[in-house]
K.L.:
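Here's a structure for you.
To find a chain, count down the sequence lines: A is the first, B the second, and so on, and within it residues start at 1. Worth saying up front: this structure is predicted, and the values here are computed from it rather than measured.
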Amino acid sequence: MADSSKQPQEAEFVHTRTSQRCYCCLECVEDSGELAFEEETEPTSISVSSLSMASSPEDVENSTFSGNSLLSEFSSTPRKRPKTKNDKICGVCGDRALGYNFNAVTCESCKAFFRRNAFKDNQIHCLFKGNCAIDLRTRRFCPSCRLQKCFEIGMKRDMILDETERKARMAKVLSNRAKKTTSPSHTFIKTEPLDSDEFRVESSNMGSPSCSEPMQSPSAGSSHMEPVEHLFQQVPREQLPGDPQLYRKLSDEEQLVLQDIALCYETTIATIQELEKEQCQKENYQNVNDLVNNSEQCVRQLIKFVKRLDDFRLLCQEDQIAALKACVMKSLLLRSVAFYIMEKDAWLTLKGEIPTSILREATGFSSLHNLHVSYCRTLKAIVQNNFTLYGLLQVMIIFNPDGHNVTDRQLVSNLQDKYISLLKHYLESEYSFEYAQEYFVAVLDKLSELKSLSDRHSRILLQVNPSQIEPLMLEILNLK
DNA sequence: ATAGCCTTGACT
DNA sequence: AGTCAAGGCTAT
């Protein structure tokens, strides 16, 4: 999903992806974004939207600048590309440029510079007045001003692949290489499994990969947990009917959408799994402020996910923001399920495994803790590590017609319907018409349950001290 | 650390 | 097949 599917311009991005995968191709082909892109004639303008104070979307995502606005995250300010191959000039230093790098025309060296330094903006400082001239000769002298100029011309640091995406990319390269030398039978992501161990964590990282194991370690035996035998029981694979007629045959388009969603969700969730498992650092989770701030990475991943979701672009900008804000808490909860380790009653986080008890200790609410853990266990029993299901759930959460401040509720509802239907089809294709029903009901049941749990969590936000909350979280949770 | 070159996958 | 835009490698 990483790679060059990340296109430099929002308008083009929509078109590129939708022209192949989206249900609404006709609309997308003639999408006004594409037309606007062609008609735009001011190549060097830096759009200053009256609605947006941020100069670039990554201001939002990384929240290190002031004046953030989520609006800028979804606004497209297309610039026309240079007409010919050879008249490209690096927008940073004026050196010869070969093409777009991270959304702006730059030379190779500024491209590499940006890749190395885009996330160090608060570590490097100008030794002069912060307005050093940057040209081919002086570009090395002041990294701070060079980086600032990179941002000014529109370079986007969220286009730099993160560790997970890089690994995915390398995995693909290696897999292709292997294919060339050996047999060609390899699928990168399957959409079948509920019993899978293709949770692509290195096997040792998650303890036992099979969460359906009816075992509970002694350390996990808290009283609030349902016994495993009360959890959703999957139909053993050998019990499923053998006759292909009893399964739905997904259309090519449905398969593509499902694959896309699964991969999207997987890549935005896998970062943490790649990290080495360290000892728990409970001191990082002492109060609600810490809980909120430690969720920032998940919110960034959520933003990445929605940005890759074709249908999300069908919403107007205001609804995109509204839908995003409205789904944050539920999305975080869903992620907590994905990161939940049943055997240990813990979550895998950036800082290692954290026992779920931190939720009780940080908030002071053991009832909330019980509810949350119970939710993790019950949903995990259903979804296990199936990214297709997580992805579908995430999409259905995003397209919530009841979302606060959403204006075009009918459109949002229609989009949700589409994915509910896709979920049903998917389950029918995996578990047969006979068994799909109970999965379907179970999944939707958990989806509706999410609302009350999310409301409970939202209430503890009253405890936060806004002055101690990261800007992105302040904005997205409306804590300002 | 920088910058040029190379390899690669996605897309046209 | 060609183009584009990612990341990797490596001499400086």
Side-chain angles (χ1 to χ4, degrees), chain A residues 1-22 25 28-29 31 34 37-38 58 78-121 123-125 127 134-147 149-150 153-181 184 186-189 256 259-260 263-264 267 271 274 304 307-308 310:
Chain A
M1 189 73 317
D3 299 338
S4 48
S5 63
K6 288 185 168 185
Q7 296 296 314
Q9 313 237 324
E10 302 291 344
E12 185 187 352
F13 185 27
V14 173
H15 176 67
T16 304
R17 290 167 60 83
T18 49
S19 63
Q20 288 210 334
R21 295 177 187 166
C22 169
C25 292
C28 291
V29 167
D31 182 276
E34 179 83 23
F37 169 73
E38 290 298 335
E58 49 282 348
R79 290 185 296 276
K80 190 176 180 181
R81 293 176 178 239
K83 292 184 194 74
T84 64
K85 239 180 182 178
N86 300 321
D87 64 357
K88 292 181 197 136
I89 301 288
C90 173
V92 179
C93 69
D95 197 357
R96 201 167 70 88
L98 291 175
Y100 275 75
N101 292 301
F102 309 110
N103 193 55
V105 176
T106 72
C107 62
E108 279 285 309
S109 71
C110 289
K111 165 193 165 186
F113 170 83
F114 188 74
R115 196 172 58 214
R116 286 191 305 270
N117 297 288
F119 292 96
K120 296 182 186 168
D121 54 310
Q123 294 170 36
I124 48 181
H125 300 287
L127 297 173
I134 305 295
D135 60 27
L136 202 156
R137 188 178 53 88
T138 61
R139 65 190 181 191
R140 293 167 180 237
F141 299 166
C142 180
S144 173
C145 290
R146 189 182 188 183
L147 183 58
K149 200 163 176 192
C150 289
I153 67 161
M155 294 182 82
K156 294 183 175 181
R157 58 181 162 193
D158 64 344
M159 292 179 74
I160 299 171
L161 305 190
D162 63 25
E163 186 169 311
T164 311
E165 292 166 321
R166 267 188 287 116
K167 283 187 177 169
R169 189 178 193 264
M170 283 312 293
K172 186 137 208 167
V173 170
L174 293 174
S175 133
N176 283 349
R177 276 185 198 154
K179 256 192 230 170
K180 281 179 187 167
T181 54
H186 175 88
T187 47
F188 180 64
I189 183 149
L256 273 177
Q259 278 189 15
D260 205 29
L263 192 52
C264 260
T267 52
T271 319
E274 307 283 346
K304 278 192 179 179
K307 284 173 77 178
R308 293 180 189 183
D310 295 330

K.L.:
Figure out the CG/P separation between L98(A) and dA6(C), and round it to whole Å.
P.N.:
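These atoms are roughly 13 Å apart.
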K.L.:
Looking at side-chain heavy atoms only, is the closest gap between F113(A) and T106(A) below 4.5 Å?
P.N.:
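With C-beta onward as the side chain, the pair stays apart.
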K.L.:
Is it true that D260(A) and R308(A) make a salt bridge, defined as a side-chain N closer than 4.0 Å to a carboxylate O?
P.N.:
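Result for this pair is no, no salt bridge flagged.
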K.L.:
To the nearest angstrom, how far is D260(A) atom CG from dC11(B) atom P?
P.N.:
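Spelled out: CG on D260(A) to P on dC11(B) is 9 Å.
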K.L.:
Quick one: which of dG7(C), dC5(B), dA1(B) gets closest to the side chain of I160(A)?
P.N.:
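Closest of the options to the side chain of I160(A): dG7(C).
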K.L.:
Within this structure, what is the CZ-to-C1' distance between R137(A) and dT2(B), rounded to whole angstrom?
P.N.:
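After rounding, the gap between these two atoms is 17 Å.
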K.L.:
Starting at atom CZ of F113(A), determine the distance to atom P of dC5(B), rounded to an integer number of angstrom.
P.N.:
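Whole-Å distance recorded here is 20 Å.
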K.L.:
Please state how far atom CZ in F114(A) lies from atom C1' in dG7(C), giving the value in whole angstrom units.
P.N.:
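Going from CZ in F114(A) over to C1' in dG7(C) covers 15 Å.
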K.L.:
Regarding dG4(B), can its base be found pairing with the side chain of K111(A) as donor and acceptor, where the two atoms are less than 3.5 Å apart?
P.N.:
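Not at all, since no donor on one side and acceptor on the other fall under 3.5 Å apart.
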K.L.:
Between dA6(C), dC5(B), dT2(B), which nucleotide has the shortest distance from any of its atoms to the side chain of R116(A)?
P.N.:
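Ranking dA6(C), dC5(B), dT2(B) by closest atom to the R116(A) side chain puts dT2(B) first.
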K.L.:
Determine whether a donor-acceptor pair (N or O, by modelled atom type, separation under 3.5 Å) exists between the side chain of D135(A) and the backbone of T138(A).
P.N.:
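Indeed, once roles are kept as given, a pair shorter than 3.5 Å links the two residues.
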K.L.:
Measure from the side-chain heavy atoms of R139(A) and tell me the nearest of dT2(B), dG7(C), dG4(B).
P.N.:
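Nearest nucleotide to the side chain: dG4(B).
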K.L.:
Among the nucleotides dA6(C), dA3(B), dG8(C), which one has an atom lying closest to any side-chain atom of R115(A)?
P.N.:
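Nucleotide nearest to R115(A)'s side chain: dG8(C).
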K.L.:
A side-chain contact here means heavy atoms from C-beta on lying under 4.5 Å apart; do R146(A) and F114(A) qualify?
P.N.:
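Side chain of R146(A) against side chain of F114(A), heavy atoms only: no contact under 4.5 Å found.
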